[in-house]
Number of protein chains: 2
Amino acid sequence: MARKYSERGEIVPVLAEIFREHGFSGASLSEISKRTGLGKGSLYHFFPGGKDEMGQAVLDDVANWFELNVFRPLRESEDPAAGIDHMFKATARFFHSGRRICLVGSFALDETRDRFAQAIHGYFAAWVVALEAALRRKGFEGTRARETAEDVVAGIQGALVFARSQDDPRLFTRALRRLQRQTEAA
Amino acid sequence: MARKYSERGEIVPVLAEIFREHGFSGASLSEISKRTGLGKGSLYHFFPGGKDEMGQAVLDDVANWFELNVFRPLRESEDPAAGIDHMFKATARFFHSGRRICLVGSFALDETRDRFAQAIHGYFAAWVVALEAALRRKGFEGTRARETAEDVVAGIQGALVFARSQDDPRLFTRALRRLQRQTEAA
DNA sequence: GTCTATAAAGCGATAGAC
DNA sequence: GTCTATCGCTTTATAGAC
């Protein structure tokens with residue numbers, strides 16, 4: 001039979017969606033097999049380390065996307081305000097305007113965190129550091145750049161949880177707009 | 001043998017901690033049996049509906065605690081500012097100053113939400129409504145009371161996720177202080 | 001690279017003795 | 001009210017044919 005995927009990179013986004021829906025421990029190999037269309041043999045061919053390696057691959061993929069679409073623009077945008085604006089747009093897009101939860105945040109909550117401690121820590125830390133630097137370039141002084149960065153990054157996570165709890169994605173997009181306003185004051 | 005618990009209410013806090021650590025789907029009956037010291041027979045005596053009934057009991061218990069210690073003071077405090085101050089103190093205490101995650105938020109993220117949709121929706125909705133009313137009594141006008149209430153409730157959730165991702169509870173307590181400041185402006 | 005078959009362990013849940 | 005034994009099923013993971 002012709003191979004369905006030429007490399008495991010094409011499978012990773014499917015895995016990500018499954019982990020988002022069920023969490024790490026709730027995602028079963030049979031569900032993964034069904035949704036990817038691959039038998040267990042093929043899955044273990046691409047991911048010899050099993051579920052753990054799938055989880056790591058998914059986290060790496062997310063980290064990569066944010067590095068490219070969020071962190072780098074924050075760092076390298078000549079105008080820091082443009083970089084921050086870009087961040088909010090990319091964030092809204094990534095989380096499907098509030099219909100999608102944050103996989104890293106969901107992994108952070110339970111004992112799954114301990115398996116992927118470094119990736120989870122690094123994701124949020126990199127985001128806060130990049131945003132803090134942009135805010136500082138924009139004129140935020142003293143502890144205020146760091147604090148605002150933390151509030152915005154945490155606020156995004158919280159808005160995703162809250163919007164999902166109410167089954168209303170607009171709660172996310174509206175919260176995002178108010179968080180952006182926090183980054184605009186001189 | 002003498003009975004260990006006279007009623008299931010005494011077991012519920014133990015269940016809550018297990019669900020917080022492992023999530024709903026990650027918490028196994030054998031772990032529950034070990035930590036409560038009760039055999040499966042006893043567990044099914046107290047919770048004939050099995051794990052689902054345990055989850056519901058835990059959510060009810062949390063809702064009860066917040067109704068008593070957070071929502072009611074917000075509504076009934078003669079001075080709304082005192083009610084809000086009480087809310088932040090009770091919240092810090094409940095989440096063990098950031099060392100404990102929010103069980104309802106963790107249930108909200110994955111497919112567990114669908115099993116307990118009403119309880120999860122109700123918890124956050126009640127919190128926002130109670131805080132919004134207190135802010136309005138305090139002088140917040142128009143959409144600002146509602147928006148600030150949403151930002152604070154979501155901000156608490158996000159700060160819990162962020163603090164846990166960095167394994168640093170102080171990130172929570174500091175975020176809490178800044179959220180409180182948002183409720184103080186006239 | 002893909003599949004099926006299967007292993008070994010763990011799952012939630014039940015039965016029935018005490 | 002508590003326990004142990006057990007059911008039937010699902011889990012992750014492996015083996016081996018093609």
Side-chain angles (χ1 to χ4, degrees), chain A residues 1-59 103 106-107 110-116, chain B residues 1-60 103 106-107 110-116 119:
Chain A
M1 185 187 287
R3 65 170 86 116
K4 272 212 161 100
Y5 303 94
S6 58
E7 40 174 346
R8 69 177 215 173
E10 303 174 28
I11 314 171
V12 172
V14 184
L15 298 179
E17 276 315 303
I18 298 171
F19 286 136
R20 266 184 263 265
E21 290 170 24
H22 302 282
F24 183 75
S25 55
S28 71
L29 282 190
S30 59
E31 166 96 1
I32 292 172
S33 181
K34 197 171 57 186
R35 296 266 293 269
T36 57
L38 289 173
K40 298 186 184 177
S42 303
L43 289 172
Y44 275 93
H45 167 73
F46 286 120
F47 304 94
K51 241 177 90 169
D52 268 67
E53 191 171 341
M54 299 182 198
Q56 192 61 59
V58 157
L59 288 171
L103 189 140
S106 104
F107 280 20
D110 58 29
E111 94 287 356
T112 307
R113 182 197 59 170
D114 304 328
R115 286 181 206 234
F116 305 113
Chain B
M1 187 187 287
R3 64 170 86 117
K4 273 211 160 101
Y5 303 95
S6 57
E7 40 174 345
R8 69 176 215 172
E10 303 175 29
I11 314 172
V12 170
V14 183
L15 297 179
E17 276 314 303
I18 298 171
F19 285 136
R20 264 185 264 265
E21 289 170 24
H22 301 281
F24 183 76
S25 56
S28 71
L29 280 191
S30 58
E31 165 96 0
I32 293 172
S33 181
K34 197 171 56 185
R35 296 265 292 268
T36 57
L38 290 172
K40 296 187 185 179
S42 303
L43 289 172
Y44 276 91
H45 168 73
F46 286 121
F47 304 94
K51 239 175 92 168
D52 268 66
E53 192 170 340
M54 298 182 199
Q56 191 61 59
V58 158
L59 288 170
D60 289 347
L103 189 139
S106 104
F107 280 20
D110 60 28
E111 95 286 355
T112 307
R113 182 196 59 170
D114 304 328
R115 289 181 204 231
F116 305 112

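Residue numbering restarts at 1 for every chain, and letters A, B, ... go by the order of the sequence lines. Excluded from the calculations below are hydrogen atoms, water molecules and symmetry mates; all remaining heavy atoms, backbone and side chain alike, are included.
- For the salt bridge (Lys or Arg N to Asp or Glu O under 4.0 Å) test, no residue two or more places apart in sequence or in another chain qualifies with A/E111.
- Remark: B/S33 engages no residue in a side-chain hydrogen bond (donor to acceptor under 3.5 Å, both in side chains) (not counting sequence neighbours).
- By the side-chain contact (heavy atoms from CB on, under 4.5 Å) test, B/E53 is found to be paired with B/R8, B/F47, B/P48, residues two or more places apart in sequence or in another chain being considered.
- With rounding to whole Å, A/I11 atom CD1 is found 10 Å from C/dG1 atom P.
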Counting primed atoms, P, OP1 and OP2 as sugar-phosphate and everything else as base, the B/S/- map of nucleotides 11-18 of chain D against protein heavy atoms under 4.0 Å is SBBB----
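- Across the protein-nucleic acid pair, B/E7 atom CD and D/dG1 atom P stand 11 Å apart, rounded to whole Å.
- A search for side-chain hydrogen bond (donor to acceptor under 3.5 Å, both in side chains) contacts involving A/S25 returns nothing, not counting sequence neighbours.
- For the pair B/H45 NE2 and C/dT14 P, the computed distance is 15 Å after rounding to whole Å.
- Protein atom NZ of B/K34 is 15 Å distant from nucleotide atom C1' of C/dC11, rounded to whole Å.
- Under the rule for a salt bridge (Lys or Arg N to Asp or Glu O under 4.0 Å), B/D60 has no partner lying at least two apart in sequence or in another chain.
- Nearest heavy atom pair, residue B/V58 against residue B/A16, reads CG2-N, 3.7 Å.
- Taking atom CD of residue B/E53 and atom P of nucleotide C/dG12, one finds them 15 Å apart after rounding to whole Å.
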